[in-house]
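Input: a single structure, listed below in structure tokens.
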Number of protein chains: 2
Amino acid sequence: MSKTQINQIHNSINRVVHEPVRLAILKILTSAKEVDFNFLLTTLGVTKGNLATHINKLEAAGFIEVKKEFRGKIPHTSYRITKTGRRQFQKYWENLMGLAPE
Amino acid sequence: MSKTQINQIHNSINRVVHEPVRLAILKILTSAKEVDFNFLLTTLGVTKGNLATHINKLEAAGFIEVKKEFRGKIPHTSYRITKTGRRQFQKYWENLMGLAPE
DNA sequence: ATCATTGGTTTGTATCAAAAACTGGTTTTT
DNA sequence: AAAAACCAGTTTTTGATACAAACCAATGAT
């Protein structure tokens, strides 16, 4: 593997995806067409503030879409992965595998 | 995949390894028994300060060993991956793959 | 003599993950 | 009916840390 190849690989890692909590969120969203805040909260075992910021990042990047509604009187937020999100998640893994051991 | 499984996975990601530049360093060191500072510098295309700090992290974690010698009158530093480093690199990938798409 | 190169270290900055604190309610308890 | 506790998040703060710039001490090239 050449120098320029190695360089191109580690520079190609998308930082929005390359964060364990966000990787886990994307992984979940690729298989579960829609999940809500509380599901992610309990599944990931992170704090609410932490989860909210990760979600914001993913939304800002256009990787997930956020739906806010009222269920009775209680607000409810749910998330889906977008086409872009799915594509970028896939692409991230393709790039990353270039750094895996043989 | 269960909630506790997802939680355990994203919490198991070793942050020392999980950094693109350090991933690239470890990748190189798994195939090239010994490399020097300048090789890494040109291969990775990072600044010297940046490279030095990444190397320090890897050394502090016991993942690489650093050999300093004089070649004639010129100092020369080279690096090898340790047993621990190799094992942790492998383990990191096993954990990480739990977050890859199906 | 001086300019570039090697092989770094030190210092400064800007980003960002994570937690804590806060908000605007609703439900429950007393 | 008031207070306490809970829900579903958002905003703010803090602590790390990735990264680059500047520096340094020595050697080698012109």
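Labels below follow one simple rule: chain letters A, B, ... track the order of the sequence lines, proteins then strands, and each chain is numbered from 1.
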What's the CG-P distance between A:Asn56 and D:dT12, to the nearest Å?
13 Å
With sugar-phosphate taken as primed atoms, P, OP1 and OP2 and all else as base, the protein-contact string of nucleotides 12-18 of chain C at under 4.0 Å (heavy atoms; B, S, -) is ----SSB
Measure NE2/A:His18 against C1'/D:dA18 and give the value in whole Å, please.
12 Å
Does the side chain of B:Lys68 get closer than 4.0 angstrom to OP1 or OP2 of C:dT6 through an N or O atom?
no
Result of checking A:Glu65, A:Lys33, A:Lys68, A:Lys67 against A:Ser78 for side chain to side chain contact (heavy atoms under 4.5 Å, CB included):
A:Lys67
How many angstroms lie between atom CG of A:Asn38 and atom NE2 of A:His76, to the nearest 0.5 angstrom?
8.0 Å
Would you say A:Met97 and B:Ile25 are hydrophobically clustered, going by side-chain heavy atoms of ILVMFWY under 4.5 Å?
yes
Between atom CZ in A:Phe37 and atom P in D:dT10, what is the gap in whole Å?
7 Å
Under the side-chain hydrogen bond (donor to acceptor under 3.5 Å, both in side chains) rule, collect the residues that match up with B:Ser12, sequence neighbours excluded.
none
Please name all residues satisfying side-chain hydrogen bond (donor to acceptor under 3.5 Å, both in side chains) with A:Lys91, sequence neighbours left out, ordered by chain then number.
none
In this structure, how many angstroms lie between the P atom of D:dA8 and the CZ atom of A:Phe70, rounded?
12 Å
Interatomic distance where CG belongs to B:Leu23 and P belongs to D:dA18 [whole Å]:
12 Å
Using whole Å, what does the distance between atom C1' of nucleotide C:dT27 and atom CZ of A:Arg71 come to?
18 Å
Closest approach to the side chain of A:Ile74, judged atom by atom: which nucleotide of C:dT9, D:dT10, C:dT26 is it?
C:dT26
Return the CG to OG1 distance between A:Leu44 and A:Thr47, rounded to the nearest 0.5 Å.
11.0 Å
Looking across every strand, which nucleic acid part, if any, lies under 4.0 Å from B:Asp36 by heavy atom: base, sugar-phosphate, or nothing?
nothing
Can you check the B:Lys67 NZ to C:dG7 C1' distance for me, whole Å?
16 Å
Whole-Å distance, B:Lys48 NZ to C:dT11 C1', equals 15 Å
Scan A:Lys73 against the nucleic acid and name what it touches under 4.0 Å (heavy atoms): base, sugar-phosphate only, or nothing.
sugar-phosphate
Between A:Tyr92 and A:His18, is the gap from one ring center to the other below 6.0 Å?
yes
